[in-house]
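Have a look at the structure below, then the notes.
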Amino acid sequence: MSEPRINERIRVPEVRLVGPQGEQVGIVRVEDAMRLAAEADLDLVEVAPRAKPPVCKLMDFGKWKYEAAVKARESRKNQTTTTLKEVRFRLKIDDHDYETKVGHARRFLAAGDKVKSMIQFRGREQQRPEMGVRLLQRFAADVEDLGSVESAPRQDGRHMVMVVGPLKTKAEAKKEEAAQASEEKDERKSQGSRRQRKNQEQKPQVSTEKKPLSNSMADYLPDELKNL
């Protein structure tokens, strides 16, 4: 997007002028608008060039550009890209391997990524596509609390593919992860405070009160020291 025209670059006879606080000044000659901008030590910025007459606003253009750049950086930083992760199955997969694959997929979906589940058929297994469909349907059921099927199982030669999309966006997943980390940090801090108070309560109290000397020792002290 190109920058708006400002000050002397605005070459129209009159403009609809808006003040620095958004107040409507009205339609004025461009020379008068530029004079008001100079008196206020501001810039005359064309904000709606297609209006008739064009709308211009009095503002600090340098400050406006800086704030716009900061907002653009923050927007880019908060943008997240969904990644397509892949999980491969064998048609005759054992339960332990299957559970491991499901665990990986659940982690991907929880992080806001899509999962492409793929079955590779071997030999005559290509003649039993219904077995692949059942396996992928089982997989979809095991992750349905985190994702939903976006692309139903389809066979392409020796492969059958299904895509599951996350129920939460990547931004939402990161937000929840940050909130959970903050809660865990507060809980650790609270536990540390409780342990510190408990240790202080259990610490024996040392008395600073002076105990009188035994009579046997007092007998040997001068009178001026007996009352100390």
Side-chain angles (χ1 to χ4, degrees), residues 1-87 105-117 140 143-152 161-189:
M1 182 178 178
S2 59
E3 289 187 357
R5 293 186 294 184
I6 66 171
N7 301 327
E8 291 80 4
R9 292 177 57 198
I10 303 173
R11 300 182 180 278
V12 292
E14 59 183 17
V15 298
R16 185 179 297 277
L17 185 62
V18 179
Q21 304 303 322
E23 64 273 19
Q24 297 290 331
V25 178
I27 298 176
V28 300
R29 294 190 309 162
V30 69
E31 294 84 358
D32 295 334
M34 292 179 62
R35 176 177 54 79
L36 291 173
E39 290 175 353
D41 196 21
L42 295 173
D43 298 298
L44 182 66
V45 182
E46 190 178 52
V47 295
R50 296 185 181 276
K52 295 187 179 300
V55 179
C56 295
K57 185 176 181 179
L58 300 176
M59 67 172 72
D60 184 335
F61 187 62
K63 180 180 178 182
W64 178 85
K65 282 184 62 177
Y66 171 77
E67 292 175 349
V70 170
K71 289 180 180 179
R73 275 198 309 272
E74 289 296 322
S75 178
R76 287 193 298 269
K77 186 167 61 177
N78 293 331
Q79 284 179 350
T80 52
T81 304
T82 299
T83 306
L84 182 62
K85 303 290 187 177
E86 186 174 293
V87 178
R106 290 181 63 84
R107 187 170 68 252
F108 297 148
L109 292 168
D113 292 318
K114 293 184 179 184
V115 174
K116 180 173 75 171
S117 50
V143 299
E144 63 181 358
D145 58 321
L146 295 172
S148 60
V149 177
E150 291 188 355
S151 175
V161 176
M162 180 181 72
V163 177
V164 178
L167 298 180
K168 296 176 182 176
T169 65
K170 207 171 184 69
E172 290 172 339
K174 285 189 174 183
K175 186 176 180 180
E176 286 191 1
E177 183 180 351
Q180 183 177 358
S182 178
E183 289 179 0
E184 292 176 353
K185 181 179 179 181
D186 292 341
E187 179 62 23
R188 289 195 298 268
K189 186 176 180 180

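Small disclaimer: the values here were computed from a predicted structure and weren't measured.
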Between [atom1] of [X] and [atom2] of [Y], what distance do you get to the nearest 0.5 Å?
X	Y	atom1	atom2	result
Leu146	Arg107	CG	CZ	12.0 Å
Glu150	Lys116	CD	NZ	13.5 Å
Leu42	Met34	CG	CE	13.0 Å
Leu36	Asp32	CG	CG	7.0 Å
Asp43	Asp60	CG	CG	6.5 Å
Trp64	Glu3	CH2	CD	7.5 Å

- [ ] Decide, yes or no, whether a salt bridge links Glu46 with Arg5 under the criterion of side-chain N to carboxylate O below 4.0 Å.
- [x]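 Result for this pair is yes, salt bridge flagged.
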Check [X] against [Y] and note the closest heavy-atom contact, atom names and distance.
X	Y	answer
Leu109	Gly165	CD2-C, 3.9 Å
Val12	Pro54	CG1-CG, 4.1 Å
Val115	Ala105	CG2-O, 3.9 Å
Ala37	Leu44	CB-N, 4.0 Å
Val15	Cys56	CG1-SG, 3.6 Å

- [ ] Take Lys71 and Glu67, measure what salt bridge (Lys or Arg N to Asp or Glu O under 4.0 Å) needs, and give me the verdict at the end.
- [x] CA-CA 6 Å; Lys71 289 180 180 179; Glu67 292 175 349; 5.7 Å; no
Do [X] and [Y] have side chains that get closer than 4.5 Å, going by heavy atoms?
X	Y	result
Pro166	Phe108	no
Lys114	Lys85	no
Val18	Val47	no
Leu84	Asp113	no

Task: Test log, rule side chain to side chain contact (heavy atoms under 4.5 Å, CB included), inputs Val164 and Ser148 - done: CA-CA 5 Å; Val164 178; Ser148 60; 5.7 Å; no
- [ ] Examine distances only and state if a side-chain atom of Ser117 and a backbone atom of Met162 form a donor-acceptor pair shorter than 3.5 Å.
- [x]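 Checked: pair present.
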Open item on the list: Whether the side chain of Glu74 engages the backbone of Ala72 through a donor-acceptor N/O pair (distance < 3.5 Å, no angle test) should be reported.
Closed with: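 No: the side chain of Glu74 does not pair with the backbone of Ala72.
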Open item on the list: More than 12 heavy atoms of other residues, nucleotides or ligands under 6.0 Å from CG of Asp145: yes or no?
Closed with: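 More than 12 within 6.0 Å, yes.
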